[in-house]
> 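Okay, handing you the structure first.
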Amino acid sequence: QVQLVESGGGLVQAGGSLRLSCAASGRTFSPYAMGWFRQASGKEREFVAAVSWSGGRTVYENSMKGRFTISRDNAKNSVYLQMKSLEPEDTAVYYCAEAHRIVSNYAARGAYDYWGQGTRVTVSS
């Protein structure tokens, strides 16, 4: 059974930067896609970014593209989300997710089989 643990969240002022990490344990790191989603209070969980097994392909939600960067280090069983130019609207709990099969739609929640407990990001004005 795989376990995903996010870290790096916290309180940051608008315009600041934050780097989130997700470490996998329980078995070797997924050879399939990894994704980041977020959920703000009272809202549905939404797609943020995803990266292919090789790291060669990345996909971003339009509102995050140019500000967020996803990457992975398979040797460290980790995936990262570098966030810059943060806005209060980015305030949410951020979750990492791991696929178990080949992913056709990186943005679909149903494409991922394992989820972490989330790390909280709060952006103040």
> Considering all heavy atoms of both residues, which atom of A40 and which atom of A92 are nearest to each other, and what is their separation?
N-CB, 3.7 Å
> For E46, which residues count as a salt bridge (charged side-chain N to carboxylate O under 4.0 Å, His left out) partner, sequence neighbours excluded?
R38
> Hey, could you give me each pair passing disulfide bond (SG atoms under 2.5 Å apart) that has a residue in residues 70-125? Not counting sequence neighbours.
C22-C96
> Can you sort out the partners of Y114 under ring pair (Phe, Tyr, Trp, His ring centres under 6.0 Å), two or more places apart, ordered by chain and number?
none
> For A111 and N105, which heavy atoms make the closest approach, and how far apart are they?
CB-O, 3.7 Å
> Do T91 and V121 make a side-chain contact, defined as non-hydrogen atoms from C-beta onward lying under 4.5 Å apart?
no
> Using modelled atom types and a 3.5 Å cut-off, is there a donor and acceptor pairing between side-chain atoms of N74 and backbone atoms of W53?
yes
> Partners of I102 by side chain to side chain contact (heavy atoms under 4.5 Å, CB included), sequence neighbours excluded?
Y32
> Give a yes or no on whether the backbone of S52 and the side-chain of R72 come within a donor-acceptor separation of less than 3.5 Å.
yes
> List in chain and number order the residues that pass ring pair (Phe, Tyr, Trp, His ring centres under 6.0 Å) with F37, two or more places apart in sequence or in another chain; answer none if no residue qualifies.
F47, Y112, W115
> May I ask whether Y80 and W36 are part of the same hydrophobic cluster, defined by side-chain heavy atoms of I, L, V, M, F, W, Y residues being less than 4.5 angstrom apart, directly or through others?
no
> Just jot down the side chain to side chain contact (heavy atoms under 4.5 Å, CB included) partners of T58, sequence neighbours excluded, or say none.
V51, Y60, I70
> Shortest non-hydrogen contact from S85 to S17?
N-OG, 4.4 Å
> Using the side chain to side chain contact (heavy atoms under 4.5 Å, CB included) criterion, which residues pair with S124? Sequence neighbours excluded.
L11, Q13
> Side chain of T119, backbone of G9: donor and acceptor closer than 3.5 Å?
yes
> Would you confirm whether E6, through its side chain, and G118, through its main-chain N or O, come within 3.5 Å as a donor-acceptor pair?
yes
> Quick one: disulfide bond (SG atoms under 2.5 Å apart) pairs with a partner in residues 31-87, sequence neighbours left out?
none
> Would a distance-only check, ignoring hydrogens and angles, find a side-chain to backbone donor-acceptor pair under 3.5 Å from S78 to K76?
yes
> Can you tell me how far apart NZ (K84) and CG (L18) are? Round to the nearest 0.5 Å.
14.5 Å
> Quick one, L20 with M83, criterion side chain to side chain contact (heavy atoms under 4.5 Å, CB included). Give me CA distance, side-chain angles, the key distance, then yes/no.
CA-CA 8 Å; L20 306 183; M83 306 183 292; 3.8 Å; yes
> So which pairs with a foot in residues 104-125 pass salt bridge (charged side-chain N to carboxylate O under 4.0 Å, His left out), sequence neighbours left out?
none
> Closest approach of A33 and V103, non-hydrogen atoms and distance?
CB-CG2, 3.9 Å
> Considering residues at least two apart in sequence or located in another chain, which fulfil the side chain to side chain contact (heavy atoms under 4.5 Å, CB included) criterion with Q39?
R45, Y95
> Under the salt bridge (charged side-chain N to carboxylate O under 4.0 Å, His left out) test, which residues partner R67, sequence neighbours left out?
D90
> For residues Y94 and V5: do they belong to one hydrophobic cluster (side chain heavy atoms under 4.5 Å, members Ile, Leu, Val, Met, Phe, Trp, Tyr)?
no
> Hey, quick one: are V123 and V93 part of the same hydrophobic cluster, counting side-chain heavy atoms closer than 4.5 Å, chains of contacts allowed?
no
> Under 4.5 Å between side-chain heavy atoms, hopping through other hydrophobics if needed: is there a path connecting V48 to Y106?
no
